[in-house]
Amino acid sequence: MLGPVILAASRSDRMRRLISAAPVTKQVVDRFIPGETVTDIVPIIEDLTAKGLELTMDVVGEDITTPEQATAARDAYLALIDHIEDLDLGPRVEMSVKLSMFGQALPSPATALNGEPSGLAPAFNGGHELALANVRPVVEAAAAIGTTVTLDAEDHTTLDSMFAIHEELRKDFPQTGCVIQAYLFRTEADARRLAAAGSRVRLVKGAYKEPAEVAHQNKHEIDKAYVRILKTLMEGDGYPMIGSHDPRLISIGQELARTAGRKLDEYEFQMLYGIRGDEHLRLAAEGHRMRVYTAYGTDWYGYFMRRLAEKPANLRFFLRSMVSKG
């Protein structure tokens with residue numbers, strides 16, 4: 001049961017300082033986050049696409065405290081899109097974004113003259129409108145080079161806002177994707193709503209510390225929910241994206257796709273950079289669409305800790321490295 005402990009540590013400033021200062025940390029982090037700048041990441045994009053893989057790119061960073069930082073996050077994604085355009089890889093490289101990076105959790109700066117909240121979504125508190133305003137140019141720029149954006153899921157308190165932004169963006173950019181998390185009780189209903197023509201939905205198990213009132217806590221129950229939800233997506237009219245490294249769930253996903261009569265280009269697998277790389281290549285060689293979730297940037301701590309929490313083998317890898325090289 002180390003997962004919840006690690007997820008709690010991902011929010012601890014003290015643990016952030018301790019782990020960041022460890023001499024071996026950067027060597028281990030590089031396994032999951034292969035660069036800090038867009039220039040660093042270009043060779044990775046070229047290498048993976050040359051091997052027949054597709055990518056979704058994530059500029060890591062979630063602790064946004066000012067509107068200026070949110071604007072900088074937007075600009076980082078726009079710079080990434082410029083590089084993808086230069087590589088002529090638009091259709092094969094999409095973006096994943098966390099709306100927290102675009103200001104979702106900030107107090108809303110927009111008020112009308114009478115002091116009342118202004119904008120499209122008065123039902124949401126905080127920076128909902130700011131996040132929408134910042135992410136829209138990224139979605140527009142991605143569409144201009146023939147690719148798209150997927151909105152990552154974060155903790156359960158952010159999801160209503162995320163889904164509302166997703167719905168708003170799809171009015172003009174229907175290819176905009178979103179992520180749902182199998183461990184949340186609400187997700188089976190969300191999947192039924194989202195499994196519609198033209199939708200793109202990535203299903204993951206979930207990687208945030210959630211209370212028992214809103215989420216399954218038992219791995220077996222999470223796996224069963226994952227299969228039920230994936231079946232809903234496969235039988236729907238949208239485009240399912242299977243986000244898992246679990247061999248059993250990958251096999252079940254293939255069987256559900258066959259049963260639903262889906263062709264190989266009517267769904268895809270997604271896995272993280274640095275985890276099961278041989279499996280990435282195997283699935284691609286079999287004709288499956290295989291997309292590698294590839295993160296880069298300097299604010300790596302939260303992303304890295306969730307990778308450790310997701311799988312005990314990742315934590316063992318980190319601890320062995322600290323013992324042998326620390």
Side-chain angles (χ1 to χ4, degrees), residues 33-61 71-99 101-102 131-152 162 165-179 197-202 238-243 262-274 277 280-281 283-285 287-297:
I33 304 172
E36 293 189 348
T37 70
V38 67
T39 303
D40 293 338
I41 213 72
V42 165
I44 304 296
I45 295 173
E46 292 177 318
D47 177 61
L48 294 178
T49 53
K51 293 175 178 175
L53 302 168
E54 301 184 34
L55 285 81
T56 184
M57 304 298 303
D58 175 15
V59 183
V60 293
T71 300
R74 178 202 66 192
D75 292 345
Y77 272 96
L78 293 174
L80 170 62
I81 290 169
D82 285 343
H83 279 73
I84 294 170
E85 182 179 22
D86 291 342
L87 296 170
D88 196 26
L89 289 172
R92 299 186 60 192
V93 183
E94 67 149 36
M95 266 64 62
S96 286
V97 304
K98 289 180 174 59
L99 292 174
M101 275 190 70
F102 290 81
L132 175 58
N134 278 328
V135 78
R136 185 181 289 277
V138 175
V139 175
E140 291 174 348
I145 68 166
T147 190
T148 188
V149 170
T150 295
L151 306 183
D152 271 331
M162 184 274 280
I165 289 175
H166 177 245
E167 184 176 350
E168 184 67 25
L169 291 170
R170 288 198 71 221
K171 293 176 182 178
D172 296 317
F173 305 97
Q175 69 275 30
T176 305
C178 70
V179 176
S199 68
R200 298 173 62 258
V201 182
R202 180 197 303 149
Y239 180 78
M241 300 180 283
I242 305 167
R262 287 183 176 267
K263 299 175 183 176
L264 290 179
D265 62 353
E266 293 177 339
Y267 64 96
E268 68 182 49
F269 292 98
Q270 295 194 3
M271 298 186 196
L272 297 170
Y273 180 90
H280 303 175
L281 298 176
L283 288 167
H288 294 285
R289 295 191 70 181
M290 174 62 229
R291 193 178 300 275
V292 184
Y293 190 110
T294 306
Y296 71 98

Separation of [Y] [atom2] from [X] [atom1] (nearest 0.5 Å):
X	Y	atom1	atom2	answer
Arg291	Leu55	CZ	CG	8.0 Å
Met241	Thr150	CE	OG1	4.0 Å
Glu268	Met290	CD	CE	8.5 Å
Ile45	Asp40	CD1	CG	11.0 Å
Ile242	Gln270	CD1	CD	9.5 Å
Phe173	His166	CZ	NE2	13.0 Å

Without hydrogens or angle criteria, can the side chains of Asp82 and Tyr77 be said to hold a donor-acceptor pair below 3.5 Å?
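Judged by distance alone, the side chains do not pair up.
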Under 3.5 Å side-chain donor-acceptor pair for Tyr239 and Arg289:
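Their side chains do contain a donor-acceptor pair, which is all the 3.5 Å distance test asks for.
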Would you say CG of Asp88 has more than 12 non-hydrogen atoms from neighbouring residues, nucleotides or ligands within 6.0 angstrom?
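Count not over threshold, so no.
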May I ask you to check whether over 12 heavy atoms, not counting those of Glu167, lie within 6.0 Å of atom CD?
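Counting other residues, nucleotides and ligands, CD of Glu167 stays at 12 neighbours or fewer.
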Please give me the minimum heavy-atom distance between [X] and [Y], naming the atom from each residue.
X	Y	value
Ala284	Gly52	CB-O, 4.0 Å
Met162	Asp152	CG-O, 4.1 Å
Met101	Val59	SD-O, 2.9 Å
Arg74	Pro137	CD-CG, 4.2 Å
Pro34	Ala295	CD-O, 3.2 Å
Val149	Ala142	CG2-CB, 3.9 Å

Counting distance only, does the side-chain N/O of [X] pair as donor-acceptor with the main-chain N or O of [Y] below 3.5 Å?
X	Y	result
Arg92	Leu53	yes
Thr39	Thr37	no
Arg170	Gly198	yes
Asn134	Phe102	yes

Could you walk me through whether Asp58 and Thr294 pass the side chain to side chain contact (heavy atoms under 4.5 Å, CB included) check?
CA-CA 6 Å; Asp58 175 15; Thr294 306; over 6 Å; no
Going by the side chain to side chain contact (heavy atoms under 4.5 Å, CB included) test, name the single residue among His83, Glu46, Met57, Glu36 that passes it with Ile41.
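Testing each of His83, Glu46, Met57, Glu36 against Ile41, the sole residue satisfying side chain to side chain contact (heavy atoms under 4.5 Å, CB included) is Met57.
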Check step by step if side chain to side chain contact (heavy atoms under 4.5 Å, CB included) holds for Leu169 and Leu151.
CA-CA 10 Å; Leu169 291 170; Leu151 306 183; 4.3 Å; yes
Evaluate side chain to side chain contact (heavy atoms under 4.5 Å, CB included) for Leu48 paired with His280, printing each intermediate quantity in order.
CA-CA 10 Å; Leu48 294 178; His280 303 175; 6.0 Å; no
Could you walk me through whether Arg200 and Thr176 pass side chain to side chain contact (heavy atoms under 4.5 Å, CB included), step by step?
CA-CA 7 Å; Arg200 298 173 62 258; Thr176 305; over 6 Å; no
